[in-house]
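Please read the structure below before turning to the comments.
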Number of protein chains: 2
Amino acid sequence: MAIETSGETPRKILANAESLFAEYGLNGVSLRQITSRAGVNLAAVNYHYYDKEALCREIITNRLRAINATRLDELTQAEARLDGSPVPLDEILGIMARPLFLSGSDPSNYNASSRRLLGRIFSEPLPFAAEILATELQPVMTRFGQAIRRHAPSLSPQDFLWRYSLVVGAMHHAMATLHDMKARTNGVCRNDDPQSALSNFMVFAAQAFAC
Amino acid sequence: MAIETSGETPRKILANAESLFAEYGLNGVSLRQITSRAGVNLAAVNYHYYDKEALCREIITNRLRAINATRLDELTQAEARLDGSPVPLDEILGIMARPLFLSGSDPSNYNASSRRLLGRIFSEPLPFAAEILATELQPVMTRFGQAIRRHAPSLSPQDFLWRYSLVVGAMHHAMATLHDMKARTNGVCRNDDPQSALSNFMVFAAQAFAC
DNA sequence: AAATGTTTTAAACACCAGTATCACACAAGC
DNA sequence: GCTTGTGTGATACTGGTGTTTAAAACATTT
């Protein structure tokens, strides 16, 4: 009579937790909300993930790792292919942004929820979130910064990093607001349209480093 | 023996709540933390502000109103002075960003905490925060969007709003990360340097609407 | 078929949050 | 002088949180 089967419970927890976290923030969601929506027992979270924090880490780190692996892969390939000469700016920006905005190559159900959650992480006040960003994201961003740097040699180190920080901030902010673009634009733009976001980000970011 | 005096309590609550909210987020801070740091009684919050939510509203709305009043004032003056011909893009962007990044003309102690708090609001998941933004900020942003629009007539309505949204997102993200720039840039940029943030944002934003 | 390891369940626990209560201090006013 | 009203103070209350427990159910293996 019990509905299901072997290892479904952790998957259900992850999926429902992710979408709830995306909408209400990490400490805006209780384990009871998660487990009741997932149709599993409250204790299942502590059994399968030890902790609420560990559950959060799992969700965030999974997504970030997949995206960053794709990014580093593609950038490394592009650099190898061009054999020392700089990768074009548009290509760098595309490699940086596309895995974040679109599903990417991983087969998991990357969707609007995970985008919104990732966009939210960057202003999440919880210490462990900052720690995840520092270890998982910072190195990747530094690497892309170096690649982009070659296209803006006339900027001072400070000005370049300010510029780069603004670009990255715009990207993350876009991720967090994709779901609400219609209301923010009085109905002109569509909600959950990462393709438009990506193409606009590309031209936007390229201009930020022009001269 | 009681330390103090007449109407100091509300002010102490506001100041300490603001800096705590800026650091740990709205529901990352308890009233007990606020009142103990402020050196006032726990019940003082409910006495002077009815609610925790009302306290948050008060803090956020105060700051937003002051900034937006300055913005609208200056934009209206510039438009009147130019008598119908478009206000230069740089000037619009400066009017939009300066009151947010710098102290502005209001005499209150606008500081790093309030910047960080305002930068955080935009990704705060609490419903009443979104409501404050919709009523307090959205109209102002629409107004500035219209002013900027005249400098990017060739963009489609959708593309313009995407571009504008990215620029505004970068601005807000910068507000939220000003306090942490040193760590994010491996020591190259300084922490809490709104002047650098502003000047870099200005050239950055201007280029976003070029052609 | 019995035994073993794994997962699920319901209930309880300890804790901390926001809020409400009620007594007290102390000023100004008739 | 006494009262009234405003602010303060310590404390209690109610509800929700993450977590733990121990028993039951299940699957798997021998």
Side-chain angles (χ1 to χ4, degrees), chain A residues 1-61 117 124-129 131-132, chain B residues 1-60 117 120 124-129 131-132:
Chain A
M1 191 50 46
I3 306 99
E4 265 289 314
T5 155
S6 57
E8 280 293 288
T9 304
R11 207 194 48 78
K12 286 197 257 181
I13 293 175
L14 280 184
N16 288 278
E18 182 171 49
S19 72
L20 283 169
F21 286 150
E23 190 162 3
Y24 302 109
L26 294 185
N27 47 16
V29 180
S30 71
L31 295 185
R32 285 170 175 82
Q33 288 175 262
I34 295 171
T35 52
S36 82
R37 181 183 286 204
V40 304
N41 191 270
L42 169 61
V45 169
N46 293 287
Y47 178 77
H48 289 283
Y49 298 100
Y50 177 63
D51 225 24
K52 184 185 181 182
E53 179 176 319
L55 171 65
C56 297
R57 293 186 112 98
E58 181 80 6
I59 294 173
I60 300 168
T61 309
L117 176 59
E124 193 72 48
L126 294 155
F128 79 87
E131 179 206 316
I132 292 178
Chain B
M1 191 52 47
I3 305 99
E4 265 291 312
T5 156
S6 57
E8 280 293 288
T9 303
R11 207 195 47 77
K12 286 196 258 181
I13 292 175
L14 280 184
N16 288 278
E18 182 171 49
S19 72
L20 283 170
F21 285 150
E23 190 162 2
Y24 303 109
L26 293 185
N27 47 16
V29 180
S30 71
L31 295 184
R32 284 168 174 83
Q33 292 178 53
I34 296 171
T35 52
S36 82
R37 182 183 286 206
V40 305
N41 191 270
L42 170 60
V45 169
N46 292 290
Y47 179 78
H48 289 283
Y49 298 99
Y50 177 65
D51 226 22
K52 185 185 181 183
E53 178 176 320
L55 171 65
C56 297
R57 293 186 112 97
E58 180 80 7
I59 294 173
I60 300 168
L117 176 59
R120 196 194 275 308
E124 192 73 47
L126 294 155
F128 80 88
E131 179 207 315
I132 293 178

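Each chain gets a letter, A, B and so on, in the order the sequences are listed, and its residues count up from 1. Owing to the predicted nature of the structure, the values given are computational and were not obtained by experimental measurement.
Remark: side-chain polar atoms of A:Glu18 are not paired, donor with acceptor, to backbone N or O of A:Ala15 under 3.5 angstrom. Side chain of B:Tyr50 to backbone of B:Val45: no donor-acceptor contact under 3.5 angstrom is found.
Considering only side-chain N and O atoms, A:Ser30 lies under 4.0 angstrom from the phosphate OP1 or OP2 of D:dT17. The side chain of A:Thr9 places no N or O atom within less than 4.0 Å of a non-bridging phosphate oxygen (OP1 or OP2) of C:dT7.
When rounded to the nearest whole Å, the span between CG of A:Leu31 and P of C:dC13 equals 20 Å. When rounded to the nearest whole Å, the span between CD1 of A:Ile13 and P of C:dT9 equals 11 Å. Distance CD1 (B:Ile34) to P (C:dT19): 11 Å, rounded to an integer number of Å. The distance between atom CZ of B:Arg11 and atom C1' of D:dG7, rounded to the nearest whole Å, is 17 Å.
By the neighbour-count criterion of 12 heavy atoms within 6.0 Å, atom CZ of B:Phe128 is densely surrounded, having more than that number from other residues, nucleotides or ligands.
Contact annotation: the side chain of A:Leu55 approaches that of A:Ile34 to within less than 4.5 Å [non-hydrogen atoms, C-beta and beyond].
With hydrogens and angles left out, the side chain of A:Arg32 and the base of D:dG18 share a donor-acceptor pair within 3.5 Å.
Of the residues in residues 41-55 of chain A, those lying under 4.0 Å from DNA chain D by heavy-atom distance are A:Leu42, A:Ala43, A:Asn46, A:Asp51, A:Lys52.
Applying the salt bridge (charged side-chain N to carboxylate O under 4.0 Å, His left out) test to pairs two or more places apart or on separate chains, those with a residue in residues 47-58 of chain A are A:Glu53-A:Arg57, A:Arg57-A:Glu131.
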Cut-off 3.5 Å, no hydrogens considered: what does the side-chain donor-acceptor table look like for residues 19-26 of chain B, sequence neighbours left out?
residue : atom : partner : partner atom : Å
B:Ser19 : OG   : B:Asn16 : O            : 3.3

